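Data block below; observations after.
Per chain, numbering begins at 1; letters A, B, ... match sequence-line order. Computed from a predicted structure; not experimentally measured.
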2 protein chains.
Amino acid sequence: MSKAKSGTLYGIGLGPGDAELVTLKAARLIGAARLVAYPAPPGGESLARKIAAGLLAEGTREIAIEVPMRVARAPAQAAYDAGAARIAEALGAGQDVVFLCEGDPLLYGSFMYLHARLSARFAVEVVPGVTSLSAASARAGLPLVARNEVLSLLPAPLDDSALEAAIRRADAVAILKLGRHLGRVRALIERLGLTRRALYVERVSMAGERLLPLAEAPDPAPYFSMILLTKGADTWLRTRS
Amino acid sequence: MSKAKSGTLYGIGLGPGDAELVTLKAARLIGAARLVAYPAPPGGESLARKIAAGLLAEGTREIAIEVPMRVARAPAQAAYDAGAARIAEALGAGQDVVFLCEGDPLLYGSFMYLHARLSARFAVEVVPGVTSLSAASARAGLPLVARNEVLSLLPAPLDDSALEAAIRRADAVAILKLGRHLGRVRALIERLGLTRRALYVERVSMAGERLLPLAEAPDPAPYFSMILLTKGADTWLRTRS
């Protein structure tokens with residue numbers, strides 16, 4: 001079958017969690033979708049589906065890709081293999097597929113795993129989304145970077161020396177994927193004398209959202225959390241009520 | 001007048017330029033606004049206003065803050081001083097003000113200059129927007145970072161040694177604010193042997209959008225342009241039609 005007769009795979013960024021932080025374009029494409037796909041925890045509720053729920057038309061078919069979380073990489077890859085195969089079947093039959101993805105699809109997003117498996121064979125269009133980083137800085141009213149300042153995004157599983165070097169080089173950093181690394185990262189920030197600039201943000205824009213001084217962050221941290229390390233956080237932490 | 005009786009200042013991220021990449025929340029707030037403000041070039045058209053034009057209700061009043069571009073910092077600061085004074089007057093009289101801002105308000109966004117001048121005196125709510133970085137990677141179908149990879153945002157005016165150190169430390173970088181620095185940055189990337197991974201993106205999601213190998217980028221580069229430096233760009237550049 002030619003690529004032209006196949007369907008298009010849409011990778012849709014839904015933003016950080018608040019259903020109102022979906023873009024107009026994403027809302028239009030989701031509302032028009034006949035077939036959507038999304039990642040979901042095994043047997044659990046998909047956050048992506050939950051964000052988009054109010055936009056789905058009646059009768060839209062759904063493919064839930066059940067991805068084991070926080071485990072070895074192999075089972076997750078197998079889940080994406082199987083999900084990609086189901087999506088490829090629909091695309092090959094000429095059907096468009098709208099893949100729902102929290103945040104931005106190509107910035108640590110689950111869509112990247114489908115993109116890697118399908119973009120050589122099928123037409124793909126990606127709709128960017130608001131990142132949890134932008135949402136966190138907005139919620140805190142905390143400017144990230146201006147003028148010639150450098151911002152770095154750092155996954156917490158990096159070792160201390162890599163984190164320290166990156167923190168020293170940047171004017172502002174966001175540390176993501178905290179989980180069981182929270183304690184170690186917190187100790188590193190304390191050692192660098194930067195705790196007064198460290199804001200912990202959990203579940204931004206969702207139910208249960210919390211903004212806390214890093215000292216008060218839970219250990220381990222939940223999946224949807226990050227640390228913002230910026231000069232401005234100093235003021236934020238001093239003046240919070 | 002008490003803070004409670006004053007109006008609220010909304011800092012609204014409009015995304016990278018495509019009016020459909022505005023969020024539902026931004027669209028709602030803009031549509032309900034009685035008074036909007038935005039940056040504009042002296043005597044010229046405001047991009048922020050242009051993005052939001054279709055959402056503005058009839059009769060909405062407008063404050064254009066005419067900000068001189070690409071000049072010394074002092075005149076721009078004076079323009080924001082004057083704009084902030086006009087906005088403060090409206091807020092003090094109990095009126096809400098919706099400030100329109102391209103991209104994300106707190107990531108190199110013009111809203112930061114108003115936030116700095118007004119957030120101590122008035123209630124401020126920031127609505128995050130899609131960044132031009134997310135839009136550029138979406139348009140190119142180019143994953144930025146996955147798993148434990150590091151992403152850095154680098155303003156091109158940084159000197160070569162700072163840029164080089166940051167490029168070596170990160171798995172992917174976006175180089176912003178290119179302008180007259182394009183030639184120097186391009187030479188640096190060539191020296192580092194990374195030209196094959198460098199994608200130039202101009203006016204993403206707007207009329208006149210272009211994606212080019214860095215070698216073909218114009219010098220000087222226009223204001224709305226960036227370089228994406230990632231492993232994936234290698235494949236993109238080899239397979240582009």
| Given a strict heavy-atom distance threshold of 4.5 Å, which part of A:Ser205 is in contact with chain B: side chain, backbone, both, or neither? | neither
| said: For the interface with chain B, which of A:Ala162, A:Ala27, A:Gly129 has the highest count of heavy-atom pairs at distances below 4.5 Å? | reply: A:Gly129
| For chain B, the option from A:Asp18, A:Val22, A:Asn148 that forms the most heavy-atom pairs under 4.5 Å |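 The candidate making the most pairs under 4.5 Å is A:Asn148.
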Could you list the donor-acceptor pairs under 3.5 angstrom formed between side-chain atoms of residues 165-172 of chain B and any protein atom two or more places apart in sequence or on another chain?
| residue | atom | partner | partner atom | Å |
| --- | --- | --- | --- | --- |
| B:Arg168 | NE | B:Glu164 | OE2 | 3.0 |
| B:Arg168 | NH2 | B:Glu164 | OE2 | 2.9 |
| B:Asp171 | OD2 | B:Val150 | N | 2.7 |

| field | By salt bridge (Lys or Arg N to Asp or Glu O under 4.0 Å) - contacts of B:Asp234 (at least two apart) | value |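 By the salt bridge (Lys or Arg N to Asp or Glu O under 4.0 Å) rule, B:Asp234 matches B:Arg196, B:Arg238.
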Drop me the distance from [X]'s [atom1] to [Y]'s [atom2], to the nearest 0.5 angstrom.
X	Y	atom1	atom2	answer
A:Phe224	A:Leu176	CZ	CG	12.0 Å
B:Glu202	B:Leu211	CD	CG	9.5 Å
B:Ile12	B:Ile51	CD1	CD1	12.5 Å

| Residues in residues 132-142 of chain A that sit under 4.5 Å from chain B, counting heavy atoms only |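 Answer by number: A:Ser134, A:Ala135, A:Ser137, A:Ala138, A:Gly141, A:Leu142.
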| query | Should the pair B:Lys25-A:Glu20 be classified as a salt bridge under the 4.0 Å nitrogen-to-oxygen rule? | reply | no
| message | Run the side chain to side chain contact (heavy atoms under 4.5 Å, CB included) test on A:Arg49 and A:Leu56 for me, step by step, so that the C-alpha distance in whole Å, both residues' side-chain angles and the decisive distance to 0.1 Å come before the verdict. | response | CA-CA 9 Å; A:Arg49 191 198 183 284; A:Leu56 291 169; 3.8 Å; yes
| task | Would you please go through residues 104-115 of chain B and name the residues with a non-hydrogen atom below 4.5 Å from one of chain A, in numerical order? | result |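 Residues B:Asp104, B:Leu106, B:Leu107, B:Tyr108, B:Met112, B:Tyr113, B:His115 are the ones that qualify, each having a heavy atom under 4.5 Å from chain A.
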| request: Could you go through the side chain to side chain contact (heavy atoms under 4.5 Å, CB included) check for A:Leu47 and A:Met206 one step at a time? | output: CA-CA 10 Å; A:Leu47 175 60; A:Met206 293 184 269; 3.9 Å; yes
| Step-by-step side chain to side chain contact (heavy atoms under 4.5 Å, CB included) determination, B:Val204 to B:Glu209 | CA-CA 5 Å; B:Val204 67; B:Glu209 175 189 87; 3.7 Å; yes
| note | One option among B:Ala174, B:Pro157, B:Gly15, B:Ala19 has the most heavy-atom pairs under 4.5 Å with chain A, and it is B:Pro157
| query | Most heavy-atom pairs under 4.5 angstrom with chain A, which of B:Leu158, B:Leu151, B:Leu144? | reply | B:Leu151
| request: Look at atom NZ of A:Lys50 and say whether more than 12 heavy atoms of other residues, nucleotides or ligands are closer to it than 6.0 Å. | output: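 Result for NZ/A:Lys50: open.
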| task | Would you please test B:Arg203 and B:Arg210 for side chain to side chain contact (heavy atoms under 4.5 Å, CB included) and show each step? | result | CA-CA 7 Å; B:Arg203 297 183 63 78; B:Arg210 293 198 294 176; over 6 Å; no
| request: Would you name the heavy atoms of A:Val124 and A:Ser119 that are closest together and state the gap between them? | output: CG2-CA, 3.8 Å
